[in-house]
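All of these numbers come straight from a predicted model, not from anything done at the bench.
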Amino acid sequence: MAFLKTILIILLVYYLLKFLVKLFAPKILSYAVKKTESHFKQAFDNEPASDNENIGDVIINKKTSKKKADSEKVGEYIDFEELD
């Protein structure tokens, strides 16, 4: 009898939690979305505007690439041949 009572309690708790999640999940998610939106809006508003760049201009900043010298040898190549 105790086994059936335990199974019923587990099922009751499971369905109660399932019902509560369906009830409160949309409110919790909408709260999280609003907080995230306000965080991004605040971060966007605090970004300093660049005065010397016009809207629509494409600027490509290239870093100077240093070519590695080929004179550095890591090791010696040995070609092995099979002996019959």
Side-chain angles (χ1 to χ4, degrees):
M1 190 69 175
F3 179 71
L4 288 176
K5 189 175 183 181
T6 305
I7 296 295
L8 287 175
I9 290 173
I10 290 172
L11 287 174
L12 181 67
V13 169
Y14 172 75
Y15 283 112
L16 182 65
L17 286 174
K18 191 175 174 181
F19 174 74
L20 290 175
V21 166
K22 282 186 179 180
L23 189 65
F24 292 114
K27 294 177 184 177
I28 293 171
L29 288 175
S30 67
Y31 173 76
V33 167
K34 285 180 185 176
K35 289 292 278 186
T36 306
E37 180 185 1
S38 67
H39 175 72
F40 279 114
K41 191 176 278 188
Q42 181 183 8
F44 182 75
D45 290 340
N46 290 338
E47 185 176 326
S50 179
D51 294 332
N52 55 353
E53 295 178 6
N54 294 330
I55 296 175
D57 287 349
V58 177
I59 299 171
I60 300 173
N61 296 327
K62 289 187 178 180
K63 293 183 180 179
T64 58
S65 61
K66 296 179 182 176
K67 292 188 178 182
K68 190 174 181 180
D70 292 334
S71 62
E72 295 180 25
K73 291 187 177 180
V74 178
E76 184 177 335
Y77 179 73
I78 301 173
D79 189 19
F80 291 99
E81 294 182 12
E82 282 190 38
L83 298 176
D84 291 325

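Atoms OG1 and CD1, on Thr6 and Ile9 in that order, are 6.0 Å from each other to the nearest 0.5 Å. In this structure, Leu12 CG and Leu17 CG are separated by 9.5 Å, a value rounded to the nearest 0.5 Å. Between the CZ atom of Phe24 and the CG atom of Leu29 there is a distance of 13.5 Å, given to the nearest 0.5 Å. Here Met1 contributes atom CE and Lys5 contributes atom NZ; the two are 8.0 Å apart, rounded to the nearest 0.5 Å.
Following chains of ILVMFWY side-chain contacts shorter than 4.5 Å, one cannot reach Val13 starting from Ile7, and the two form parts of different hydrophobic clusters.
Considering Lys34, Lys27, Lys35 in turn, Lys35 is the only one that fulfils the side-chain contact (heavy atoms from CB on, under 4.5 Å) rule with Tyr31.
Counting only heavy atoms from C-beta outward, the side chains of Tyr14 and Lys18 approach each other to under 4.5 Å.
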